[in-house]
Number of protein chains: 2
Amino acid sequence: MSTPLHISISEKLRRQITAGDYQPGDKLPSEHQLMERFNVSRITVRQAIANLVSQGLAIAYRGKGVFVTPRKKVAYSLSSPLVFLGSDMARQGIDFCFENLTLDPVPAPEPVATALAIPPKAVVYVQKKLFRMDGAAGAVDISYLMAELGQRFADTLAQQMTFPTLADNGIPIDQVDAVIECTHADYAMSGYLEVPLGHPLMVYRYTAFSTDQQPVLYGETISRADRFCYSLSTRA
Amino acid sequence: MSTPLHISISEKLRRQITAGDYQPGDKLPSEHQLMERFNVSRITVRQAIANLVSQGLAIAYRGKGVFVTPRKKVAYSLSSPLVFLGSDMARQGIDFCFENLTLDPVPAPEPVATALAIPPKAVVYVQKKLFRMDGAAGAVDISYLMAELGQRFADTLAQQMTFPTLADNGIPIDQVDAVIECTHADYAMSGYLEVPLGHPLMVYRYTAFSTDQQPVLYGETISRADRFCYSLSTRA
DNA sequence: TGGTTCAACTTGTTATGACAAGCCACCTTA
DNA sequence: TAAGGTGGCTTGTCATAACAAGTTGAACCA
């Protein structure tokens, strides 16, 4: 066997997890128990557990133990971006709500100004929202809205999602250009989303256009990659 | 200071990276040099480097050193999934090619049978392809093709992408349903994609339908999350 | 000059040992 | 009974040590 010990141990545990010997939420044997079971040093056991954690299969709590991570992901449909996110969640049996963190006028940063086709440092409204799924923090949305719209709908935006707010006031969104990528939690995000530093995140970066092809809204939805996925359907 | 040594060291290095002291592609100091610079043990240095790697900022190669990860990501457009992937790459100035790893008839695993609406264990053709961008392994595609199609086009499939092969033979793809999610490299994928275990990956899991609404192809494109992102445009 | 060998340098694996720090249940005490 | 402390469990941090294995370039030989 030229495969490292810690690999063969973490693979053995992985198979036990996927086979159902350890259910989501179950506690794995302690490091000491694994040392005896596999007759290896603690370093090797810890490396094996680190492998599982880095693969998103387990999560360790100091003083408590290592637990199998719950599995199910929530799908966010991209096929019709105008749908209220909450209804998407409700259809999957998830209790969805959002918290308005901030809503302020600021000078537009460079990428925002480019996306919205306005001069750099022109005033835009930036809104930070925290999305909760079944009570747990799941995603943060940071969106930049054209100044006149932000000012006009400030009260509503704090309580209702952005797309419905705009649509209700005669500004339907016609097109959304977006990019999906993967990043890691920095210090700020690890605080918002209650995850460790470096935890994998998905970023949905979008620019929304109104019916007259004018960019109206630019933003990023940053979500826990272990909780979220995106679904879409494309036709020729 | 109650923050662990390895955290403060990796944060120091992270700041140097983001400040540009170490450019993308640059080699970081060796473990030995970092031990002397910070006056700590090798365990601590290795933990600090592991932090950077888990945050996607660096990548380690045995015998060579630790390097700052290159930053630019290649965008894969999802708006028209029928486009030949290579032309997407070429437009971004990327040299694209693929290697046929395997192409074999196998009994369909359960999720494949469900997606293709065939009985479990019915024969399908599974093809593994390795995508190379500028020579470096960037993505693996594992696709399952209905048996009669796999048998008919086996020779062509080893040299040409699947969608063009089907289209050239009168089987155009009309609709693609897909899910995008984030996972981590297991042992097999870390070998294919030349990344460390646990490296973040993006999965594009698709079912392609022909014009008669019949599922024809099911598969997963698994790509390095530090190299790839997905772009899409949706209309109301 | 061309090819091979080898030494030095890199990261990877693994052991042993020690203490810190978080969590929890049990036991003592008021 | 209720409050608080304590001990034993857990994972986290960090040191020293040794060898394995991949990479590279310089020295050597043909």
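Below, each value reflects all heavy atoms present in this structure, side chains not excepted, and no hydrogens, waters or symmetry copies. Throughout, protein chains are lettered first and strands after them, A, B, ... in sequence-line order, and every chain is numbered starting at 1.
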Taken to the nearest 0.5 Å, the spacing of A/L57 CG from A/L13 CG works out to 10.0 Å

- Can A/N100 and A/Q127 be counted as having a side-chain donor-acceptor contact under 3.5 angstrom? yes

Select base, sugar-phosphate, or nothing to describe what A/L5 touches, counting heavy atoms under 4.0 Å on all strands. sugar-phosphate

Min and max contacting nt of DNA chain C in 5' to 3' order, chain B heavy atoms within under 4.0 angstrom, are C/dT10 to C/dT13

In short, salt bridge (Lys or Arg N to Asp or Glu O under 4.0 Å) pairs touching residues 45-63 of chain A with sequence neighbours left out are A/E31-A/R46

B/L217 and B/S143 have their tightest heavy-atom pair at CD1-CB, 3.9 Å

In short, A/K27 meets A/K64 closest at the heavy-atom pair CE-O, 3.2 Å

In short, B/V123 meets B/P105 closest at the heavy-atom pair CG1-CB, 3.9 Å

Nearest heavy-atom contact between B/T221 and B/A139 is CG2-CB, 4.3 Å

For B/E36, the salt bridge (Lys or Arg N to Asp or Glu O under 4.0 Å) test, sequence neighbours excluded, returns none

Hits for side-chain contact (heavy atoms from CB on, under 4.5 Å) against A/S10, two or more places apart or cross-chain, chain-then-number order -> A/A48, A/N51, A/L52

Practice task
Could you check whether the rings of A/Y206 and A/F163 sit parallel, tilted or perpendicular, using 30° and 60° as the cut-offs?
Solution key: perpendicular

Per the under-4.0 Å heavy-atom filter, residues of residues 30-45 of chain B near DNA chain D come out as B/V40, B/S41, B/R42, B/I43, B/T44

The helix from C/dT1-D/dA30 to C/dA30-D/dT1: angle between terminal helix axes, five bp per end, to the nearest 10 degrees, reads 10°

Taken in chain and number order and not counting sequence neighbours, the residues that satisfy side-chain contact (heavy atoms from CB on, under 4.5 Å) with A/V68 are A/I17, A/Y22, A/L28

By side-chain contact (heavy atoms from CB on, under 4.5 Å), B/A60 pairs with (sequence neighbours left out) B/V66

So, with a heavy-atom separation below 4.0 Å from DNA chain C, the residues of residues 58-68 of chain A are A/R62, A/G63, A/K64

Contacted region of DNA chain D by chain B, from 5' end to 3' end of the hits, cut-off under 4.0 Å to heavy atoms, spans D/dT13 to D/dT24

Across all chains, not counting sequence neighbours, the ring pair (Phe, Tyr, Trp, His ring centres under 6.0 Å) partners of B/Y230 are B/Y76, B/Y204

Discussion item. Does the plane of the ring in B/F131 sit parallel, tilted or perpendicular to the ring in B/F98? Use 30° and 60° as the thresholds.
Written reply: perpendicular

B/Y192 meets the side-chain contact (heavy atoms from CB on, under 4.5 Å) criterion, sequence neighbours left out, with B/L101, B/K128, B/V140, B/M189

